[in-house]
2 protein chains.
Amino acid sequence: MASPVSRRSLLHETRCQTCSLSSLCLPLALELEDMDHFEAIIRRRAPLKKGEPLFRQGDTFTSVYAVRSGSLKQTTTEGNGSDQLTNFYLPSELVGLDGIDEERYPGSVVALETTTVCEIPFDRLDSLSEELPELRTQLYRSMSKELRDDRRMMRLLSRKTADQRLASFLLTLSERFRRRGYSPYSFRLSMARADIGNYLGLAVETVSRILSRFQGQEVVAVSGREVNILDMQRLTRLAEEEELGATR
Amino acid sequence: MASPVSRRSLLHETRCQTCSLSSLCLPLALELEDMDHFEAIIRRRAPLKKGEPLFRQGDTFTSVYAVRSGSLKQTTTEGNGSDQLTNFYLPSELVGLDGIDEERYPGSVVALETTTVCEIPFDRLDSLSEELPELRTQLYRSMSKELRDDRRMMRLLSRKTADQRLASFLLTLSERFRRRGYSPYSFRLSMARADIGNYLGLAVETVSRILSRFQGQEVVAVSGREVNILDMQRLTRLAEEEELGATR
DNA sequence: CGTGAAGTTGAATCACATCAAGACACGTGG
DNA sequence: CCACGTGTCTTGATGTGATTCAACTTCACG
């Protein structure tokens, strides 16, 4: 199987100090020494395969998870069956914060591709946050940021047209990739069209149609799940205002 | 102006220990002694008049606020002008948590009626949360709960019909009043129809029409801003499933 | 009382959903 | 390597719930 070297590097990867995400992740503001303490509470998890759940709706809340590689989606199912996709998670983002309150996870989180995460038991994180003010601040910030993002999402869902939603969605992804050191112009969607539609409150068909139209207008080039943003400025305009002219 | 007695009782009111909301509010889990410490950091604020802002979008973040009486709305304005109402706040609820991250408030918060709040400077709250684990836990929970509520709102905005939105809205209010010791059946809306519409992602006219219809179906009785829930069960059904039969 | 804001109601329009059918991509077993 | 089947995606035709526009009514407040 794995050679000693690759095993070693795998182990190595689970160290925050050498993790390429450390500048975005929870231990962001910690001194080297404090980071050791933080690392001590983190648990490794076997990589999740595509479609495999990290946890399920209703499971008792024990840990939050930092995404290391790959991506996940969060969905909540209501009595009547239909479920709502409430979030996508990319590397360095924190999963499960909405479970603290009721001590169970309010939604299921499932891997969209092969995904690795760091498990951070919450009780230990909480007590460590007592000693490390920077860690506490960072935790407050993570939650606060998620609140802010949620507000933006509400605006999107209640005021924006389908075109604006798709444009915003692509821009948000682009920006998230950029921050992580990847190209903001060219990336791969790890989620299906149906997921995008569910997330944005649109029918799959609408997602497909609008992507085709954007492609026709040479704003993006889409091939399957590969996306190329051709005209970032135009896409930005599409996201905020309703396009005034017709083809131009 | 105020008699010594009323001034005294006003002062009295600002003590958590005698506040009727203490079982719902932030110091919920604190011992008497710890509550003294908590109270020491709270600042009184002059009551806000209807329409008066608690803070404005973009103001630097300094404090979170606990609503003591009255109610407020939070709105965020985007470049193009149109603004989105993202939340209503009732007594015991915590305002401003989404400002921690960027150190400025991402939206304006305005009183819907005469409203009093407790100002809690965040830096002091943060350091106090170092010493008082229960306070810290409660703060994490408040934020977590708000995240959870946001998810529910997203579901409402992206999957529910106008009827379901209105029904859900009324039920949520009803439940919040109930938890605060008021009648869940009979209450007064402090917000205008336009606010409700904005919040729920509906046109004012739609809100009005549907309330009229609910009234015709004898699910609720609405007179101006006074609401009476006549058939709670039916309203609950309306909120989750699409009504199957027509009039029945 | 009068005046402007807030709320209601009706009719026409539109953006998106739904229904339906076909194209494509991909993994699996022959 | 191909045939097959299944799931994902695209495209077109039609239907509909909510918006928009417009007019009217009611309410709150000086």
In whole angstroms, the gap separating C1' of D/dG17 from CD of B/Gln164 amounts to 12 Å

Nearest heavy-atom approach of A/Ile196 to A/Val207 is CG2-CG1, 4.1 Å

Note to self: Need one value for A/Arg225: base, sugar-phosphate or nothing, where a base atom within 4.0 Å counts as base even if backbone is also close, heavy atoms only.
What the structure shows: sugar-phosphate

Closest to the side chain of A/Thr206, out of D/dT19, C/dC16, D/dT11, is C/dC16

Side-chain contact check for A/Leu202: nearest option of C/dT8, D/dC9, C/dA17 is C/dA17

With sequence neighbours left out, the residues meeting salt bridge (charged side-chain N to carboxylate O under 4.0 Å, His left out) with A/Arg104 are none

Whole-Å distance, B/Asp163 CG to D/dT19 P, equals 11 Å

Picking from C/dT18, D/dC9, D/dA18, the nucleotide nearest the side-chain atoms of B/Thr161 would be D/dA18

* Got a salt bridge between A/Arg45 and A/Glu119, using NZ or NE/NH1/NH2 to carboxylate O under 4.0 Å? -> yes

### Query
Is it true that B/Glu93 and B/Arg180 make a salt bridge, defined as a side-chain N closer than 4.0 Å to a carboxylate O?
yes

What's A/Leu211 touching, base or sugar-phosphate or nothing? Going by heavy atoms closer than 4.0 Å. nothing

From CG of B/Leu189 across to P of C/dT8 the rounded distance in Å is 10 Å

Would A/Tyr182 and A/Phe187 count as a close aromatic pair, with their ring centres under 6.0 Å?
-> no

From CD of A/Glu205 across to C1' of C/dA23 the rounded distance in Å is 15 Å

Heavy atoms only, 4.0 Å cut-off, all strands: where does A/Gly201 land among base, sugar-phosphate and nothing? sugar-phosphate

Whole-Å distance, A/Arg193 CZ to D/dT11 P, equals 10 Å

Rounded to whole Å, the CD-C1' distance (B/Gln215 to C/dT9) equals 14 Å

B/Lys50 NZ to D/dG30 C1', in whole Å, measures 15 Å

Nearest-nucleotide check on DNA chain D, B/Ala203 vs A/Val204; residue mapping nearer the 5' end is A/Val204

- [ ] Identify whether any heavy atom of A/Ser212 sits under 4.0 Å from a base atom; if not, whether one sits that close to sugar-phosphate; answer base, sugar-phosphate or nothing.
- [x] sugar-phosphate

Atom CG of B/Leu166 and atom P of C/dT8 are separated, to the nearest Å, by 11 Å

Presence of donor-acceptor pair under 3.5 Å, side chain of A/Arg213 and base of D/dT10:
no

Practice item. Would you tell me if any nitrogen or oxygen in the side chain of B/Arg209 comes within less than 4.0 Å of OP1 or OP2 on D/dA18? Key: no

